[in-house]
Structure formats: C-alpha cells, structure tokens
Amino acid sequence: MIKNDEYFIKKAIEISLKAREQGNEPFGAVLVKDNEVVMIGGNQINSVSDPTHHAEIGLIRKFCSENKVNDLSEYTLYSSCEPCAMCSSAMVWSKLGKLVYSVSHEQLAEIAGSNIMIPCKEVFERSPHQTIVIGELLNEEGLKVFDGYSFV
C-alpha cells in the first residue's frame, strides 16, 4: 500500500469516527514522520471533561511530552477537519512542518453553526513559524463523518 497524504488523511477520518463512537466530537488526527505514523489522537473533550482536548492539541501535548521534543518541523499532522485557532496556535509553538486537513472551517460552520472560525492559514500567516497547509483533501469522505451528527 502506498503511504501518501490520502492514506494518512483516511486514517485521521477513521479516528474521527472512533471519537464519535466514544461519545466525543468527531475529530481525529495523525502525526507522521518519515512516512510512518508516530502517534494518533482523537477528540476527547467529553471522555476527559476537558474542553481543550481537541484531537490535534491532545496529540501534540502527548507526543511532545512523551518524546521530550518541542520542535515538530520534520513532522506532518493530518487532521479530519481544519484545526481551530487554539490547535493551530499549538502547531505554531511546536513548529509543525506540514498540516493536511479534510473538512474546512466554512463547511464545519454550515454543519455545526458558528463558532470561533479563524482559518488556520490566517493563524500561520501572523506567526513566526510558517506551517505548510494542504486543505480539503478527501473532502467528501471527511464530510460523511458528520452525517446525522448533532453538535450540542
């Protein structure tokens, strides 16, 4: 099997479905270095009663802490949905090299209603570290995760 951006974004989408099944919001993330998955993370805001435990920031916290690293410039993070401003800021502080996501903020706003919808590219553009961003990859598959889901 070829491991490319599509392969890893599918993994992030699968993790988002698992998060949903576990009673959390449907978001998932995969951290990759040298074409190998080094950590996965799903949204756990309900499981651990932490409104900041989004898939991306939870993954970054855990990976950096366990591996005693602060610099993710050689890593790619795959996210089922465009990261929020909080998660994008964590990517800036960790100097993430590349971000690939499936569902955009605009699409999520249509599904979930308005929220803090600042595009991740805007966060990166205003920051000292410039993460490479590829958006809306396997978009239709990413959107299917939200079929029948209700944000409360």
Side-chain angles (χ1 to χ4, degrees), residues 3-109 111-112 115-139 141-142 145-146 149 151:
K3 293 182 180 178
N4 55 17
D5 286 346
E6 288 81 9
Y7 173 86
F8 294 115
I9 201 74
K10 280 183 184 181
K11 295 281 184 203
I13 292 167
E14 289 170 10
I15 294 163
S16 70
L17 285 167
K18 287 180 186 172
R20 180 178 174 173
E21 290 168 4
Q22 294 169 347
N24 293 294
E25 292 186 351
F27 302 101
V30 176
L31 188 63
V32 173
K33 182 179 182 188
D34 298 329
N35 220 28
E36 294 297 326
V37 174
V38 295
M39 187 163 282
I40 62 170
N43 180 288
Q44 293 184 22
I45 63 168
N46 295 324
S47 295
V48 299
S49 298
D50 178 355
T52 69
H53 203 297
H54 294 191
E56 304 90 345
I57 202 166
L59 181 153
I60 291 169
R61 281 181 190 147
K62 184 176 180 185
F63 182 80
C64 290
S65 177
E66 288 180 3
N67 293 281
K68 308 289 187 240
V69 298
N70 294 318
D71 186 335
L72 300 179
S73 59
E74 296 180 14
Y75 295 79
T76 299
L77 193 143
Y78 295 86
S79 180
S80 61
C81 194
E82 182 175 359
C84 70
M86 175 184 68
C87 292
S88 297
S89 295
M91 292 172 198
V92 169
W93 297 122
S94 64
K95 300 176 185 77
L96 181 70
K98 179 179 171 184
L99 165 69
V100 180
Y101 66 85
S102 179
V103 177
S104 72
H105 269 317
E106 291 81 17
Q107 292 170 313
L108 183 61
I111 296 165
N115 203 327
I116 303 171
M117 296 294 182
I118 300 169
C120 64
K121 286 183 180 179
E122 187 172 326
V123 173
F124 298 141
E125 286 170 359
R126 294 172 178 239
S127 302
H129 177 76
Q130 302 297 305
T131 298
I132 298 165
V133 178
I134 297 174
E136 298 187 39
L137 187 64
L138 298 183
N139 189 248
E141 289 182 42
V145 173
F146 296 101
Y149 186 80
F151 286 88

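These numbers come from the heavy atoms of this one structure, side chains and all, not from hydrogens, waters or symmetry mates.
- Under a cut-off of 6.0 angstrom, the local environment of CD in Glu74 is sparse, with at most 12 non-hydrogen atoms contributed by other residues, nucleotides or ligands.
- With respect to Leu72, the side-chain contact (heavy atoms from CB on, under 4.5 Å) criterion is satisfied by exactly one of Leu77, Asn67, Leu96: Leu96.
- For Ser102 (side chain) and Leu138 (main-chain N/O), a donor-acceptor pair under 3.5 Å exists by modelled atom type.
- The structure places OH of Tyr101 at 10.0 Å from CD1 of Ile9, a figure rounded to the nearest 0.5 Å.
- Of the inter-residue distances, the one linking Ile40 atom CD1 with Leu31 atom CG reads 11.5 Å to the nearest 0.5 angstrom.
- At least one side-chain heavy atom of Phe27 sits less than 4.5 Å from a side-chain heavy atom of Leu108.
- Here the straight-line distance linking atom CD of Glu56 with atom CD of Glu82 works out to 10.0 Å at 0.5 Å rounding.
- Put simply, CD on Gln107 and CG on Asn139 are 4.0 Å apart, with the number rounded to the nearest 0.5 Å.
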Step-by-step side chain to side chain contact (heavy atoms under 4.5 Å, CB included) determination, Ile132 to Phe124: CA-CA 9 Å; Ile132 298 165; Phe124 298 141; over 6 Å; no
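- Distance alone, capped at 3.5 Å, places no donor-acceptor pair between the Asp34 side chain and the Glu36 backbone.
- Inter-residue side-chain proximity for Leu99 and Cys120 is flagged as met; some heavy-atom pair is nearer than 4.5 Å.
- If you take OG on Ser88 and CH2 on Trp93, they are separated by 13.0 Å, rounding to the nearest 0.5 Å.
- The structure places CD1 of Ile60 at 11.5 Å from CE of Met39, a figure rounded to the nearest 0.5 Å.
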